[in-house]
Amino acid sequence: MAFWLEIVVSFFLVAGAAFALIGSWGLVKLDDFYMRLHGPTKATTLGLGGILLASALYFNFNPDVAGVSIHEVLITIFLFITAPVSAHMMAKTALQKHFDYVGGQQDPLNHPRNVHTIQEHDLSGMDESQIPDGDEEE
Amino acid sequence: MTMLLIVLLPFLAIGPVWFAARFSRNASFYVAATTTGLGLGLLASLVPEVMAGNVFVDSWPWIERIGLNIAFRMDGLAMLFCILILGIGLMVVIYAKFYLTEDDPIGPFYAMLMTFMGAMLGVVTSENLLLLAMFWELTSISSFLLIGYWRHLPAARQGARLALMITGSGGLFLLAGVLLLQEITGSLELSVVLASGPQILDHDLYWAALICVLMGAFTKSAQFPFHFWLPNAMTAPTPVSAYLHSATMVKAGVFLLARLHPAMSGSPEWFFLVTGAGLTTLAFAAYVALFKHDLKGLLAYSTISHLGIITACLGMSTKWATIAAVFHIMNHAAFKASLFMSAGIVDHECGTRDARLLSGLRHSMPITFGLATLGALAMGGAPFFNGFLSKEMFFKEAYTLSQAHPYWPDAEYWAWIFPVVATVGGLFSVAYSVRFIHDVFFGPEAHDLPKHPHDPPFGMWLPVAILVAVCVVVGVVPMYTAESFLYATASPVTGYDMPEALHLHWWHGLVPELYMTLVAIAAGIGVYTQWKKIAAIGDKLPTIVGKDFFESFIEMLIEGARALDRLVDNQSLQRYMAYTISFATLAGFMAYIEEGWQSGTGVQTPASLVSLVPVILLIAGAFMTDFFQRKRLVSLIFMSVVGLIVSLMFIYFSAPDLGLTQISVEVVTVLLLLLALFVLPQWNPVESGWLRRSRDILVAASAGIGVGALAWGVMTRQQQTIADYYLAESLPKGGGTNVVNVILVDFRGFDTMGEVSVLALASVGIIVMLTGKKPLYPNQVMPFPEERFPLMLTSVTRVLVPTALLVAFYIFMRGHNLPGGGFIAGLVAVVALAMQFVASGLDWTKGRFKLDLVRLSAIGVLLAVGTGLAAFVWGRPFLTSGMLHLHPPGIGEVHIASAMAFDTGVFLVVVGSLVLIIRRLSRYQQTMEVQDKAGGNE
Amino acid sequence: MISFELLVSVTIAVLVAMGVYLVLRARTFPVVLGLSLISYAVNLFLFSMGRLEVGSPPILQDGVEVYTDPLPQALVLTAIVIGFGMTAFSIILAVKAYVELGSDHVDGEEP
Amino acid sequence: MLEWANIIAIVMMTLSLLMNMWRMAAGPRTLDRVVALDTMYINAIALIILFEIYLDSVLYFEAALLIAMMGFVGTVALSKYFLRGDIIE
C-alpha cells in the first residue's frame, strides 16, 4: 500500500471520527433541542462521510485487498439522502410540540409568520395531553 | 390361529355393523348376529379337543422388550367363558334388536357391543398377562360406553362414570399385580405363572401381588366394598345389563380368580380375604336385594350376591368348592340373563319396572310369567333347577368348613359362621326370588300402568326361553348334560387336580346341605310374607350408601385439588410467573450446588478496553429499559438500543448473517410495537409496592446470575464441535460458501421449513385475532390535523423504496455465498414496504402493490415443501439439493442450486407474513379511528 | 483480565435479569418488552455455544483456515425470526385483550 | 500509521457512542432520545467500517448498509409517531 494513500486514508479516518465525536459532543453539550439537532445531523453525517471516503480509498486502491467495493458509494448516497429527511422530521415534530428554546424567544408556532398555519387547522377540541410522546406524567 | 380369529372377529365387525346401520336396522342386526354366530361356529370346532383335555396356546411376538406377546390360550375355563360370551351374546343381540326403539341408534349400540364382546373374549383367552390387562381395561371402557348409551339421561352418565372409575382403577391394580407376578416368576406367560405356584406363595411380594390382583377382581365382580357401581350401572339398556352385568363382565373378576387360582391360592391370606369378601357380599347383597323396588336393582344386588357365592367358593379353594364355583358361574349366567331379559320385557311392555306398581301380570303376559317363574326358581335354588345343584355343593363345602380345615384342625365354634352365613344368604335369595315373581305376576291386575301390557314378540322371548330351557334341563338331568362339560371346564381351575368322576345328582340323601336348603326355602318364604315389617326395621339401621361415599370422596379430591390450585394460582399472572421463574432458577441452582460450579479451563479471548464500551452501552440500555418501563415509548427506544448493540456484537463475533437479521428484525419489531402502542395506554400506573418490587428484583437478579454463570461455565470449556463437517461439505454438497445459509436451506432445510411454517401460522393467527367486529373503545384521538404524509419523506421514499428492494434482491441472490439469504432479504423487503406504508399510507400503497399476502406466504411454504419433494423425482431423500452451474457471459459463474428455490420460499413466507401482520394491525387502528369519529359525532 | 467470555456472560446475565423483571410487571406492554430482552439473551447464549471468535466468519474463502462454528449461527438466525413471530403474536394479543377487555393488565382486569 | 489512525478513530467513535447514551438517558424529552438513537445508528455504521478496515475484510458492508437503512426507518417511524400517533395511516 502506497505511503501517500495510507496518509490520506488515515487523515480521513481520524478527521471523520473527529467530526462524529464533535457531533455527539454537541448532542451532549448544547442547550435546547433545536440546537442539539444540529450536532448529529450535520457533524456526524459529515464525519461518517469522511470515514466512508477513507474506506472507499482503502479498499479500492489497495492492491492487498482484492476486488472493487462500491458499497461505500451506496451507503454514502443512502445516508446523504436520508439524514436530512430524518432531521427534518424530528425538527417538524419539535415545532409541532411547541418545544421551548433557549434565548427567550416565544413559541415558534406563535411567530407571526406561522399564525395562519394555526388558523387553518381547528385545534379546538383537541386535548393535547393526549398526544402520545411519553414525556408527560399521568 | 382359530383363537386369534375368534377374538378378532368382533373387532372386525365394528365397522361393518356401524356402517350397515346406515341402510337399515335389520342389516346391522344381521351383521352382528352373523359375526357372533360365526364366532360360535369357530369355537365349536375347538370344543371337542378341549373337552378331551387339550390346551391350545398360540403366540406371536409383539413388544418383546417388555414381555408383551399376542398370545392366546384355550383350555376348559376359557372355553366355558367363550361359550358364555358368544352364546349369551347371541341371545342379547337378538333380544336387543327388539328391545331398542326406533329412536335408539342401533349402529353404535351393536358396534359397542361388538367391542365389548371382543375385549371380553380377549380377557378370557389371553395367555399373556399384560395382554389380559389390556383387554381388561378395554372391557371397562366399552362397558362405560354401553352403560352411558342413553347419554341424555344424567343417571346413565353418572352410572357410567362411576363404573368406569371403579373398574378402571381396579384395572390399574390388576396391571400392578401382573407386573409383580412378572417380577416374581420372571414371565408374563400364563403357562409359566400357573406352573410356579409354590414359588409365588413363598415370595416376599406375594402379599402385594395378591392384594393388587384381588383389587382388580373384586372391583370388576362388584364384591363388597366395591359393589356399589353395579346397581348404578342398571341405568343401561336391559340387553346391556343382561349381558355385561349378569353373564360376562362381572364374571371377569371371578374369571381372574379362577384363572390364577392354581398359582395364587393355598395360603391363609387367600383363604381369608377371598372367602371373607365372598361371604360378606353374599349375605349383604342378598339382604339389600330383598328391599329393592326396581326389578333391575333387585336383580343387580342378587347378581352381586351370587358373585359372592362364587368368590366364597373360590376362596375355600377345596377341590369341590372350586368345582362348585365353576358350576355356579355357568348356572348363574343362564338363569340371571334370562331373568334380566324378563325384567326387560316387563319394563318394555308396561313402561315401568317398579315392583310397587306392577301387579297381576300373569293374566296379560302368560308367556313371560312362565319363563320368569322358572328363572326365578333357578335363582332361588329350588330343586330340579340348575341353581339348586351348585348351591347344594356350596352349602356342603360351607358345612365342611365348620367341621375341620387345615387352618383350624379341630372344630371351632366360630367356624359355624360359614354355614350360617351361607344359609342366611340362601334365605334372602329365596325371599327376593319369591318377591320378584309374586309382586309382579300375582295379585290383582294393575290398571294404572303407563302402557297396556301384553306378551312381547317372539324374537324377544325366544332367547329367554332358550336360557330357561338350559336351566331346567341341567337341573333335571345333570349327569347327562353338564357332567363332562363341568369336568373339562373345572380342571384348569383346580390345577388339573380333579376327582375321578363328578356324579352330579340332585338327591344325595338326608345330608346337612339338604337341611340347609330346606331351612333357607322355608325361612325365605316366611321372610317374604313379613318383608314389610323387616323393611321397617331395616330402614332404622344406619345405611352406608357406597355411591354417596364414593361421590363425596371424589368431591373431596376435587376440593383438595382446588385448594392446592388456589394456593399457587390466584388468577394472577405475575405471581404465577414469579413462582415459575423462581422454581426454574432454584432448580438450576440446585444443580450447581449438587455438582459444584466451577469455571472451565479453556482458552479465553482477552478483550480490549474498547470492547468494554458496547457492553456498557448494552447494560445501560437494558437497565434503562427497565428504569423507564413506566414510560412505554422511552422503554421501547432503549430496547431498540439493546437490539442495535446485540447486532453489533454478532457482527463483531464473526456472525454477519446474524447481525443482518437482528438489525432488520429490530426495526420491524419497533414498527410493530409502535403500531400497538398507539392503541395501548402510554404509561404504566404505579402498581407494585416496594415489597413486590424487591421480590421481583431478587427473582430477576438470581435468574440473571444463574444464566450468566451457566454461559460463563460453558464458554470457558473446550468445545466439541460438529462444525467441521459442515465447513468441509458446504461447498461440495450444498454448493455455497456461506455455510450458515447452506445449513439453513440445505443441511437443516427440514428445520427451516418447519420454522417458516410456524411464522406463516403466526401470521394466520394474528389475522384471525384482528378480524371480526371491533368493539368501540376510547382511544387517543389524532392530535394534529397536520399533513398526513410529510412531503419530504414521501418524495424521498419514492427513490428509497425501489433501492431498498433492489438491495433485498441483491442480498437474496448472493445469500448462498456471502452473508445474506432468504430470511434477511425478506426482512429488508418488509422494511422497505413498511417504509412505503409510513411515508404514503396504506391506501396509496395498496393501489400500487396488489398482492394477496396470505397467498404469498402460502406459495412460499408450498415452494419450500415442493423443493423438498422435487428431490423424490430424482430418487433422493426429501430436501436433497441439486445444483446447476452456469457461465453466462459477463457475469461470471452463477450457481443455481435447488436450494435457491427453497430460499425463495423462505423469502416469500417472511415477506408475506410480516407485511400481513403490519398491514393488518394498522388497518385495525384505522377502523377504530373511524369508529371513534363516528361515536364523537353522535 | 477482561475476556470476551466474561463480557458476554455478564451481558447475558444482565439481559436475563432485566427481561425477567419486566416480565413480572403488571401490564402487557412491559411483559412483551421483557420477553424481547429475554430472547436477546437466549439468542446470545445459544450463539455463544459456538464460542467467540473475532473476524473469522463462516464464509468459505481461499486461503482462510479458521472459521467460527456456523451451526449455532444457523440456529440463532431462525430463532431470531421465530422470536419476532412470537413478539408479534404476543403484542397483538395484548392489543386485542386491551380492546376487548378495556384493560391492559396482564390479568385482564384492573386491580 | 493506518493502524494507529484506525484505533484512534475507533476510540473516538466509542466515546461518541457513550455520549449518545448519556443524552439518551438524560433526555429530557423523548425526542432527544430519538435523536440520540439516530446518532447511535450512524456511529454504529462508522464502527463497522472501521472494523472492516481493521480486519481487511469486506464481508460486513451489508451490515453497514442495512443499519443505515434501518436507522432511517426507525427514526422516521418514531417521528411519525410523535406527529400523528398512527405511524401507518
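Throughout, a chain's letter reflects where its sequence line sits, starting with A, and its residues are numbered from 1.
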**Q.** For chain C, the option from Leu573(B), Leu658(B), Leu744(B), Val707(B) that forms the most heavy-atom pairs under 4.5 Å
**A.** Leu658(B)
Q: Determine the minimum heavy-atom distance between Ser9(C) and Ala711(B), stating which atoms define it.
A: OG-C, 4.0 Å
Q: For Glu5(C) and Thr716(B), indicate whether the former's side chain and the latter's backbone hold a donor-acceptor pair under 3.5 Å.
A: no
Q. Where does Val32(C) contact chain B at under 4.5 Å (heavy atoms): side chain, backbone, both or neither?
A. side chain
Q. How far apart are the closest heavy atoms of Gly85(C) and Leu759(B), and which atoms are they?
A. CA-CD1, 4.0 Å
Q) Does any heavy atom of chain C fall under 4.5 Å from the side chain of Phe653(B), the backbone, both, or neither of them? A) both
Q. Is it the side chain or the backbone of Tyr40(C) that comes within 4.5 Å of chain B heavy atoms, both, or neither?
A. side chain
Q. So which part of Phe747(B) gets closer than 4.5 Å to some heavy atom of chain C, the side chain, the backbone, both or neither?
A. neither
Q. Just by distance, do the side chain of Gln73(C) and the backbone of Ser654(B) share a donor-acceptor pair under 3.5 Å?
A. yes
Q. So which of Thr669(B), Leu636(B), Val646(B), Leu609(B) has the biggest tally of heavy-atom pairs under 4.5 Å with chain C?
A. Thr669(B)
Q) Is the side chain of Thr661(B) donor-acceptor paired with the backbone N or O of Leu77(C) at a distance under 3.5 Å, no angle test? A) no
(Q) With a 4.5 angstrom heavy-atom cut-off, is it the side chain or the backbone of Asp69(C) that approaches chain B, or both, or neither? (A) both
**Q.** N-O pairing of Asp626(B) and Arg25(C) below 4.0 Å
**A.** no
**Q.** Structural part of Val668(B) lying under 4.5 Å from a heavy atom of chain C
**A.** both
Q.
Taking side chain as everything from C-beta outward and backbone as N, CA, C, O, which of these in Ala578(B) sits under 4.5 Å from a heavy atom of chain C? Side chain, backbone, both or neither.
A. both
Q. Of the listed residues (Val756(B), Leu618(B), Ile645(B)), which shares the most heavy-atom pairs with chain C below a 4.5 Å separation?
A. Leu618(B)
Q.
With a 4.5 angstrom heavy-atom cut-off, is it the side chain or the backbone of Thr87(C) that approaches chain B, or both, or neither?
A. side chain
Q.
With a 4.5 angstrom heavy-atom cut-off, is it the side chain or the backbone of Val54(C) that approaches chain B, or both, or neither?
A. both
Q. At a heavy-atom separation under 4.5 Å, does Pro614(B) approach chain C through its side chain, its backbone, both, or neither?
A. neither
Q. Quick one: do the Thr78(C) and Glu755(B) side chains pair a donor with an acceptor below 3.5 Å?
A. yes
Q.
Using heavy-atom distances under 4.5 Å, tell me whether Phe47(C) contacts chain B through its side chain, its backbone, both, or neither.
A. side chain
Q) Measuring heavy-atom distances to chain C, does Leu673(B) have an atom under 4.5 Å in its side chain, in its backbone, in both, or in neither? A) both
Q | Shortest non-hydrogen contact between Arg632(B) and Arg27(C), atoms and distance | A | NH2-CB, 3.2 Å
Q.
Can you tell me which portion of Tyr726(B) sits under 4.5 Å from chain C's heavy atoms? Options are side chain, backbone, both or neither.
A. side chain
Q: Specify which of Ser572(B), Ala703(B), Ala701(B), Ser608(B) makes the most heavy-atom pairs with chain C at under 4.5 Å.
A: Ser572(B)
Q. Arg575(B) versus chain C, heavy atoms under 4.5 Å apart: side chain, backbone, both or neither?
A. neither
